[in-house]
There are 2 protein chains.
Amino acid sequence: MTMDIADIEPVDRESTAGIIAHRLREVIMNGSLSPGTQLGEAELARRFNVSRGPLREAMQRLVSEGLLRSERYRGLFVIELEPGDVRDIYAARLAIERAAALEVMSGDRDSAAAMLDETVWAMVAAAEDNDPTALSDADLRFHEVLIAASGSKRLARMARVLLIETRMCLAQLQSTYRRVDERVAEHGRITQAIRDGDTPAVLALLEDHMEDAVQRLAPGTTLRG
Amino acid sequence: MTMDIADIEPVDRESTAGIIAHRLREVIMNGSLSPGTQLGEAELARRFNVSRGPLREAMQRLVSEGLLRSERYRGLFVIELEPGDVRDIYAARLAIERAAALEVMSGDRDSAAAMLDETVWAMVAAAEDNDPTALSDADLRFHEVLIAASGSKRLARMARVLLIETRMCLAQLQSTYRRVDERVAEHGRITQAIRDGDTPAVLALLEDHMEDAVQRLAPGTTLRG
DNA sequence: AGTCGTATGATTGTCAACAATCCGAGGACT
DNA sequence: AGTCCTCGGATTGTTGACAATCATACGACT
């Protein structure tokens, strides 16, 4: 970790609305705010120790991201995921992650695989500790890293919301996980296929990965038309 | 257009922030606000005839969508598209529209093709009138309809920003359009392939469509790794 | 009993004033 | 000439108060 003159980049402290939005996203993601609950401005403002102005600005961000639903003169509510949404989320994720994977395949595969391996190790550790939360965290981080490795600002931006919604699915449906070994291994196989440069295998594995998740979370539906 | 009891759905007038965000998006899209320009809160508030509160809320929406860039204590600016962004935008669009097309192929292809045809006709009319603005509008509408036909809320949400950015690219680089006939015909071919149920052709045509655009707007770069 | 109107409390939407910060011009000093 | 400091104008960030709207409970009427 050396510091170089080239590493200097313009500072711009995040705006208050940005900070609050960030923390709100986390709270929604980890399930502390279950879907459908109303967010009272006054109480939230007190909790964050800011006035209602910046808080409302933060909430408008989440509205545009689709995480909150706004009813005029009535309030803002955490979105509720209907059955059809599960398929929609995973179909969208497949679209994004497929594109990200393709970018990775024509880039620095080895460094990407190395970063992915770290998240797989984290999954292994979480599995050994029998810590389902850490396992899900590492799982999502795998996909986050994959998308980040693509280097695409826009894929990353779009994926952020999708991964939050994925977490909401998992929390809401408290899915009966498949054997953790298998779940971890699947990520390992994707990583290996990336390292090997086997593009068709990567795409096939990704599709299977999403398809499995959909069938587990919303039995009876499928990604394949 | 008959009215049925089943058509009744809960009314929820759009919030003021939503209306302003909508109009701001349009202004940014059609190029009245060129990239890099600062948006003064006071002046905009006067123009929209609202106070700064709702205006700021609207702007926060565009920030989270990536259309505005926020510098604390300095202001909000319309994003500037750097050379690499052109490729990023079209790569992301390909990911989204590819997924949308796949959904359409396993759905009601004929009704989708019918709706797409309407936009192609609009392109033909615009071409005959020699109206480049109308041509671009119809072009974007084609892709908007394609994504809407997929029925995916999330694909639609993600595409909205991408199509705005596409318009910004076109305005900024005022590209030397290819022969309009060819441009219109390409959309016609995609529509026809959808109607025919020829999935491989649809995907190939879509990829070519995006690849052509990238090479036209950012010579020397390509989508294909 | 059931329905309609009304009052009430709470919540959201809006606003205008105040505080914090930044940019640029001008001057003092080396 | 060049650098640094300071000050003024302008813009953004924040706040608390006020207006508009909604949900609920209660009572009058049929």
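Residue numbering restarts at 1 for every chain, and letters A, B, ... go by the order of the sequence lines. Worth knowing before you read on, the calculation uses all heavy atoms, side chains too, and leaves out hydrogens, waters and symmetry mates.
Remark: B:Arg98 pairs with no residue by the salt bridge (charged side-chain N to carboxylate O under 4.0 Å, His left out) rule, at least two apart or across chains. Applying the salt bridge (charged side-chain N to carboxylate O under 4.0 Å, His left out) rule to A:Asp212 yields the partners A:Arg178; only residues at least two apart in sequence or on another chain are considered. With sequence neighbours excluded, no residue forms a ring-ring contact (aromatic ring centres under 6.0 Å, His included) with B:Tyr90. Considering only residues two or more places apart in sequence or on other chains, B:Ala218 meets the side chain to side chain contact (heavy atoms under 4.5 Å, CB included) condition with B:Val86, B:Thr221. B:Asp85 pairs by the side chain to side chain contact (heavy atoms under 4.5 Å, CB included) definition with A:Lys153, A:Arg154, B:Leu81, B:Glu82, not counting sequence neighbours.
Taking side-chain N and O atoms only, B:Thr16 has a distance below 4.0 Å to OP1 or OP2 of C:dT14.
The CD-C1' distance, from A:Gln60 to D:dG13, rounds to 17 Å in whole Å. Put simply, CD on A:Glu57 is 9 Å from C1' on D:dT14, counting in whole angstrom units. C:dC15 atom P lies 14 Å from atom CZ of B:Arg46, rounded to whole Å. Rounded to whole Å, atom C1' of D:dG13 lies 12 Å from atom CE of B:Met59.
Within the structure, ring pair (Phe, Tyr, Trp, His ring centres under 6.0 Å) contacts touching residues 20-51 of chain A (residues at least two apart or in different chains) do not occur.
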Give the table of side-chain donor-acceptor pairs shorter than 3.5 Å for residues 59-67 of chain A, with sequence neighbours excluded, one pair per line with atom names and distance.
from: A:Gln60; atom 1: OE1; to: B:Arg61; atom 2: NE; distance (Å): 2.8
from: A:Gln60; atom 1: OE1; to: B:Arg61; atom 2: NH2; distance (Å): 2.8
from: A:Arg61; atom 1: NE; to: B:Gln60; atom 2: OE1; distance (Å): 2.8
from: A:Arg61; atom 1: NH2; to: B:Gln60; atom 2: OE1; distance (Å): 2.8
from: A:Ser64; atom 1: OG; to: A:Arg61; atom 2: O; distance (Å): 3.2
from: A:Ser64; atom 1: OG; to: B:Ser64; atom 2: OG; distance (Å): 2.6
from: A:Glu65; atom 1: OE1; to: A:Arg25; atom 2: NH1; distance (Å): 2.9
from: A:Glu65; atom 1: OE2; to: A:Arg25; atom 2: NH1; distance (Å): 2.7
from: A:Glu65; atom 1: OE2; to: A:Arg160; atom 2: NH2; distance (Å): 2.8

Both atom distances under 3.5 Å, Watson-Crick or G-U wobble: I'd like the secondary structure of DNA chain D as a dot-bracket string, with | for pairs made across strands. ||||||||||||||||||||||||||||||

Protein-nucleic acid N or O pairs under 3.5 Å, nucleotides 6-12 of chain D:
from: D:dT12; atom 1: OP1; to: B:Leu39; atom 2: O; distance (Å): 3.4
from: D:dT12; atom 1: OP2; to: B:Glu41; atom 2: N; distance (Å): 3.4

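A donor-acceptor contact closer than 3.5 angstrom links the side chains of B:Asp88 and A:Ser152.
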